[in-house]
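Okay, structure first, notes after.
Hydrogens, waters and symmetry mates are skipped; everything else that's a heavy atom, side chains included, is used. Numbers restart at 1 for each chain; the letters A, B, ... are given by sequence-line order, proteins then strands.
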Amino acid sequence: MSEEVKEPRGLKLDGSSYKVLIVDDSIFVQKQLRQILTSEQFDIIDAASDGTEGVEKYKQHQNEIDVVTLDITMPNMDGITALEHIMKVNPKAKVIMISALGKEELVKQALVAGAKNYIVKPLDREKVLSRIHAVVSR
Amino acid sequence: MRVEYINPFVESAVSVLREVLGSDVSRGQISLGSKISVLHDVAVIVGLVGQVEGRVVLDLDKTTALKIVSVMNGEEMTEFDEMTNATLTELGNMISGRAVTRLAELGYKFDVTPPAIFVGSSTVSDTIESLIVPIVTEFGAFKINVALRER
């Protein structure tokens, strides 16, 4: 009887890792995402703690980034505005919004503005991995 | 103060904590507090502004707070630092976010402030009596202390 060995979801077909930019003002959420994603061999290329820094870091690494996780509520520049900037830089950017419950209207706005999906906190490991994998492997 | 204001916060705290702690969480009996609340060592305070206004406090002792943030971080945390504060802030955000959704379904419109964390015993003074509900987890019990009124 053969047992199916699952490939880590952070790996591409060529064996290299999908590269993720994390944008979140909470160092706790950054740490959670880092732990969940690196456990499946995603590569965290960088992290930013507000929208302005997130857009700058996106521009800096845009040729390498496969997906961005973007918090909706952040100081300086919120996630929706940051998303609009990122989509201007690269209309094909793959961005997943991270939201607390109670922000449904903002999530809808983000999906209209080009976000590919969203994840509601508290972060569930399996949900994070399956949604991000579904977006990067499209 | 109407009991219907506190219930969404209590239900939300129970469901969020069940998810983040991965174990059973229950609520105790509601009681009436006074206009002045003396809080334990750690307070997570969220303000509400709009059709309903006032504040909601998660009132914890240090040991319970550290045990809860340790489980949420998957590692033992023994003192308060930037990461424990960020974890408690996120807990406050998740609980208030879920409660806001329930209150909005009841027709109330308002905004919530980002949670503020106070470490060290403190006192909150309100213009109305607060309502208090104990929340019991396997890592210790704490209180939800709510003082809200309709504008």
(request) Decide if atom CG of A:Leu13 counts as having more than 12 heavy atoms of other residues, nucleotides or ligands within a radius under 6.0 Å. (result) no
(message) Just checking A:Lys116: does its NZ atom have more than 12 heavy atoms from other residues, nucleotides or ligands closer to it than 6.0 angstrom?
(response) yes
(request) Give a yes or no on whether B:Val46 and B:Ile135 share a hydrophobic cluster (residues Ile, Leu, Val, Met, Phe, Trp, Tyr; joining criterion: side-chain heavy atoms under 4.5 Å apart). (result) yes
(message) Show the nearest heavy-atom pair for residues A:Pro122 and B:Glu19, with the distance to one decimal.
(response) CG-OE1, 3.4 Å
(request) Output all residues satisfying salt bridge (Lys or Arg N to Asp or Glu O under 4.0 Å) with A:Arg131, sequence neighbours left out; order by chain, then residue number. (result) none
(message) Is B:Glu75 close to chain A through its backbone or its side chain, or both, or neither, when contacts mean heavy atoms under 4.5 Å?
(response) side chain
(message) Taking atom OH as the centre, does A:Tyr118 end up with more than 12 heavy-atom neighbours from other residues, nucleotides or ligands that are less than 6.0 angstrom away?
(response) no
(message) Nearest 0.5 Å, please: how far is CG in B:Leu91 from CZ in A:Phe28?
(response) 8.5 Å
(message) Could you measure the distance from the CD1 atom of A:Ile27 to the CG atom of B:Asp81? Nearest 0.5 Å is fine.
(response) 7.5 Å
(request) Drop me the distance from B:Thr87's OG1 to A:Lys31's NZ, to the nearest 0.5 angstrom. (result) 6.5 Å
(message) Is it the case that over 12 heavy atoms from other parts of the model lie below 6.0 angstrom from the NZ atom of A:Lys12?
(response) yes
(request) Side chain from CB out, backbone as N, CA, C, O: work out which of these in B:Asn85 comes under 4.5 Å of a heavy atom of chain A, or both, or neither. (result) neither
(request) Using a 4.5 Å cut-off on heavy atoms from C-beta on, say whether the side chain of A:Ser26 contacts that of B:Met83. (result) no
(message) Let me confirm one number: the CE-CG distance from B:Met72 to A:Leu123, rounded to the nearest 0.5 Å.
(response) 9.5 Å
